[in-house]
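Reading through the structure tokens given below for one structure.
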There are 2 protein chains.
Amino acid sequence: MVSIKDVAEAAGLSVATVSRALNGRSAVSDEARARVLSAAESLGYRPNVVARSLRTDRTGTIGLVISDVLNPYFTELARSVEEEARALGYSVIIGNADERAELEAHHVRSLLERRIDGLIVSPADGRSPLTLDAADGPTPLVFVDRWIPGCAAPVVRADGRGAIRDLVAHLYGLGHRRLAIITGPAATTTGRERVEAFRSALSEFGLSLPESHVGRGDFQAESGRLATERFLDLPERPDAVFAADNLMALGALDAIRERGLSVPDDIGLAAFDDIPWFPHTAPPITAVSQPTAELGRVAVRALADLISGGTAGSTVLPAHLVVRRSCGEPETSAPTGGATRE
Amino acid sequence: MVSIKDVAEAAGLSVATVSRALNGRSAVSDEARARVLSAAESLGYRPNVVARSLRTDRTGTIGLVISDVLNPYFTELARSVEEEARALGYSVIIGNADERAELEAHHVRSLLERRIDGLIVSPADGRSPLTLDAADGPTPLVFVDRWIPGCAAPVVRADGRGAIRDLVAHLYGLGHRRLAIITGPAATTTGRERVEAFRSALSEFGLSLPESHVGRGDFQAESGRLATERFLDLPERPDAVFAADNLMALGALDAIRERGLSVPDDIGLAAFDDIPWFPHTAPPITAVSQPTAELGRVAVRALADLISGGTAGSTVLPAHLVVRRSCGEPETSAPTGGATRE
DNA sequence: TCCAATCATGTAATCGTTTTCACGGTGTGC
DNA sequence: GCACACCGTGAAAACGATTACATGATTGGA
């Protein structure tokens with residue numbers, strides 16, 4: 001590999017001048033600059049960012065730890081994070097936790113050792129001690145989507161409560177009374193928030209949520225399938241099921257299809273997180289839609305601010321309900337709140 | 001940040017001994033090792049991998065440049081690559097090219113500057129000069145899925161020809177004669193291969209592929225929508241459309257739905273790349289399925305071999321057809337070749 | 001004309017590791 | 001008892017960049 005020394009030699013200048021010419025920080029004569037640039041060009045010089053980082057203590061890189069790379073919600077998030085970061089001059093290293101706490105820890109550790117400038121985390125486990133340490137450590141950190149309660153780090157997330165209330169109103173309006181939910185892990189904030197919002201919306205409509213109508217999932221498809229099977233085995237099966245993320249909704253569809261049942265005639269289905277496939281499933285699925293890309297952008301800007309010494313705070317963006325046909329044929333009246341219909 | 005020097009001081013030993021104790025390479029007395037470990041522990045020492053990489057010229061990292069992170073095919077690939085790499089002791093940095101040649105170049109350049117140990121690329125553009133240079137450069141490189149013809153680097157990919165022939169046989173058996181294809185960019189190998197295989201299978205059945213039945217797409221949803229709209233505007237619209245990837249099939253569904261037409265009654269639809277949502281779309285979509293995760297694993301193993309001085313070669317794995325209902329109600333006879341039915 | 005400021009450049013220290021080399025001490029084989 | 005291998009250790013040289021400081025030349029103002 002050709003180093004700055006080779007360039008200096010070829011240009012007949014010192015490495016210091018070459019460095020200055022290439023970085024354009026301090027004054028260099030036009031003649032020297034030209035010699036450097038042509039030497040660098042003809043030798044195919046590529047700066048060694050490893051050496052640079054060691055000296056400057058900056059890597060120009062931020063880490064992003066997401067809970068599940070197979071979840072379209074998180075890939076959309078990852079894409080917008082990378083895009084915004086690139087616009088701000090940062091590279092992004094993605095770590096996929098696969099909803100496993102120990103994998104999350106592995107990636108957080110590995111990213112910190114890599115001396116990234118900052119970290120964006122969507123914790124797979126809300127109690128992860130390592131991530132907690134990291135949040136209190138010297139490396140700037142921002143939570144996105146999920147967070148760890150009691151951490152000082154800024155949180156960028158969507159508030160699903162209003163949209164979940166709209167969803168319950170929608171279900172109630174369609175005549176559904178026995179409602180069930182497939183939750184995420186209780187260890188995650190989103191897992192808890194969604195079930196709590198659902199429960200409190202139910203009680204607003206005078207409905208209760210018996211334990212048998214709470215399926216404990218882990219945000220992955222298989223758990224949605226299992227929980228749905230249990231619902232279908234109940235003496236009185238639920239009128240409608242709310243899956244707390246899109247993958248568990250996929251699992252629910254698998255289970256319902258296996259039994260030869262139909263949505264929404266035999267059982268209604270709704271999901272948290274809207275994805276491009278939902279308009280095309282049989283039937284199109286009613287879902288709570290988050291401003292996913294915007295969450296990613298805001299998180300990056302908050303992190304960039306922290307890195308440059310700022311004091312960025314938390315952000316909460318609204319989610320909204322998108323009504324389709326998976327809970328029954330839509331009523332004629334307009335839905336409550338900010339819901340849209342397709 | 002606490003450095004090896006601090007540990008050495010605390011342990012009352014030289015940095016050399018600390019380094020040896022922590023890496024376990026060369027002999028260190030039990031007593032010294034114990035002192036080092038306890039000092040490192042109590043100081044919370046984390047090695048600086050940047051400095052280590054500078055010295056050893058190894059980063060323990062491989063780069064993965066994929067064409068589109070929003071494409072479930074590539075996320076599944078990315079996941080298996082990361083998993084296998086982790087098992088082999090490597091970290092993975094993912095670059096998303098978004099099907100844009102200049103973004104691909106950006107990521108390749110940035111990864112090389114980062115001095116990754118090896119690179120896995122699925123080129124968004126088969127002529128990308130920078131990627132071509134990289135393939136001939138000192139950094140080991142493996143192509144996955146797509147490749148750049150004329151490069152010496154190993155290619156790990158699936159051969160879709162047999163499955164595409166099975167698909168055409170399936171369509172022919174259902175009585176479809178006017179077949180159309182939405183291709184990927186001609187600049188990609190998979191873009192070309194899939195249309196060529198389709199064309200040659202058609203001619204095997206005595207069918208032709210007029211220019212009006214070739215929609216030029218770019219592997220993204222919007223292009224699938226536009227190409228499908230043109231098909232639907234033809235005086236005689238095609239009996240069935242084959243989309244060369246899953247996102248363009250999504251776009252095709254959008255277009256068909258907008259016109260109020262139905263699949264497969266008004267027009268049949270099939271796709272390359274099977275994804276978990278296809279069994280649940282309306283109707284379930286017939287698709288060519290690749291051994292995606294296996295491709296990722298094989299690519300990583302080939303790259304690891306190259307990195308350690310080996311001479312890994314190319315691998316071609318078979319793809320197969322999964323028949324569902326999007327081309328018409330299945331015939332009663334068994335499908336040709338290795339096709340499965342759901 | 002002279003002093004000081006500015007400019008372009010070079011020298012060398014530095015970042016935190018790993019690793020080569022040297023060195024003294026300890027056994028081992030004869 | 002001697003030579004030799006080996007073991008544990010430390011000093012110091014790398015790795016490739018950035019940058020504080022020094023230096024000599026040029027310029028500008030008084």
Side-chain angles (χ1 to χ4, degrees), chain A residues 1-37 39-40 43-61 89 91 110 112-117 138-139, chain B residues 1-37 39-40 43-61 89 91 109-117 138-139:
Chain A
M1 268 282 161
V2 27
S3 82
I4 197 173
K5 220 166 151 182
D6 304 315
V7 178
E9 209 161 307
L13 292 162
S14 73
V15 291
T17 304
V18 173
S19 172
R20 281 187 282 249
L22 292 174
N23 293 315
R25 292 226 176 295
S26 134
V28 174
S29 71
D30 290 347
E31 197 243 333
R33 185 187 319 280
R35 290 229 306 276
V36 167
L37 292 181
L43 280 127
Y45 170 70
R46 310 262 76 218
N48 184 330
V49 283
V50 174
R52 171 183 298 163
S53 298
L54 177 60
R55 179 58 229 251
T56 61
D57 205 29
R58 287 197 57 245
T59 54
T61 302
S91 297
S110 141
L112 290 180
E113 286 184 358
R114 222 165 257 277
R115 298 298 200 267
I116 44 153
D117 297 340
T139 306
Chain B
M1 266 283 158
V2 28
S3 82
I4 197 173
K5 219 166 151 182
D6 304 315
V7 178
E9 208 162 309
L13 291 162
S14 74
V15 291
T17 303
V18 174
S19 173
R20 282 187 281 250
L22 292 174
N23 293 315
R25 293 228 174 290
S26 133
V28 173
S29 72
D30 290 347
E31 197 243 332
R33 183 184 321 279
R35 291 229 305 277
V36 167
L37 292 180
L43 286 152
Y45 170 70
R46 310 260 74 215
N48 184 329
V49 289
V50 174
R52 171 183 297 163
S53 297
L54 177 60
R55 178 58 229 247
T56 60
D57 205 28
R58 288 197 56 246
T59 54
T61 302
S91 296
R109 181 170 28 238
S110 141
L111 288 166
L112 291 179
E113 286 183 358
R114 221 167 258 280
R115 298 301 199 269
I116 46 153
D117 298 341
T139 306

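Just so it is clear, the model here is predicted, and its values are computed rather than measured. In what follows, chains carry the letters A, B, and so on, assigned in the order in which the sequence lines appear, proteins first and then strands, with residues in each chain numbered from 1.
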Separation of [N] [atom2] from [X] [atom1] (nearest whole Å):
X: B/Leu43; N: C/dG16; atom1: CG; atom2: P; result: 14 Å
X: A/Asn23; N: D/dT19; atom1: CG; atom2: C1'; result: 11 Å
X: B/Leu13; N: D/dG8; atom1: CG; atom2: P; result: 13 Å
X: B/Leu112; N: D/dG16; atom1: CG; atom2: C1'; result: 17 Å
X: B/Asp6; N: C/dG16; atom1: CG; atom2: P; result: 8 Å
X: A/Asp30; N: C/dC7; atom1: CG; atom2: C1'; result: 13 Å
X: B/Leu54; N: D/dT18; atom1: CG; atom2: C1'; result: 13 Å
X: B/Met1; N: C/dT14; atom1: CE; atom2: P; result: 22 Å

Are any of [X]'s side-chain N or O atoms less than 4.0 Å away from OP1 or OP2 of [N]?
X: B/Thr17; N: D/dG10; value: yes
X: B/Ser29; N: D/dG8; value: no
X: B/Ser14; N: D/dG10; value: yes
X: B/Ser53; N: D/dC15; value: no

### Task
May I have the step-by-step check of salt bridge (Lys or Arg N to Asp or Glu O under 4.0 Å) for A/Glu9 and A/Lys5, ending in yes or no?
CA-CA 6 Å; A/Glu9 209 161 307; A/Lys5 220 166 151 182; over 6 Å; no
### Task
Could you say whether B/Arg55 or B/Ala32 is positioned toward the 5' end of DNA chain D, judged by the nucleotide with the nearest heavy atom to each?
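In this pair, the answer is B/Ala32.
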### Query
Which sits closer to the 5' end of DNA chain D, A/Arg20 or B/Arg115, going by the nucleotide each is nearest to?
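Closer to the 5' end of DNA chain D: B/Arg115.
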### Query
Would you say the side chain of A/Val7 lies within less than 4.5 Å of the side chain of A/Leu13, judging by non-hydrogen atoms?
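No; the side chains remain at least 4.5 Å from each other.
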#### Entry: N/O donor-acceptor pair under 3.5 Å between B/Ser19 side chain and B/Val15 backbone
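No; judged by distance alone, with no hydrogens or angles, the pair does not exist.
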### Query
So, does A/Ser53 use its side chain to make a donor-acceptor pair with the main chain of A/Arg58 at under 3.5 Å?
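Confirmed, A/Ser53 side chain pairs with A/Arg58 backbone.
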### Query
Quick one: the side chain of A/Arg52 and the base of D/dT18, do they pair up donor-acceptor inside 3.5 Å?
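When only heavy-atom distances are counted, A/Arg52 does not reach the base of D/dT18 through any donor-acceptor pair under 3.5 Å.
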### Query
How would you label the contact of B/Ser19 with the nucleic acid (heavy atoms, under 4.0 Å): base, sugar-phosphate, or nothing?
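Here B/Ser19 touches the bases of the nucleic acid.
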### Message
Classify B/Asp57 by what it touches in the nucleic acid, base, sugar-phosphate, or nothing, heavy-atom distance under 4.0 Å.
### Response
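Contact class for B/Asp57: none.
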### Task
May I ask you to check whether A/Arg114 and B/Ser91 show a side-chain donor-acceptor distance below 3.5 Å?
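A donor-acceptor contact under 3.5 Å links the two side chains.
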### Query
Choosing from D/dT19, D/dG8, C/dG16, which nucleotide comes nearest the side chain of A/Ala16?
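The answer is D/dT19, which lies nearest to the side chain.
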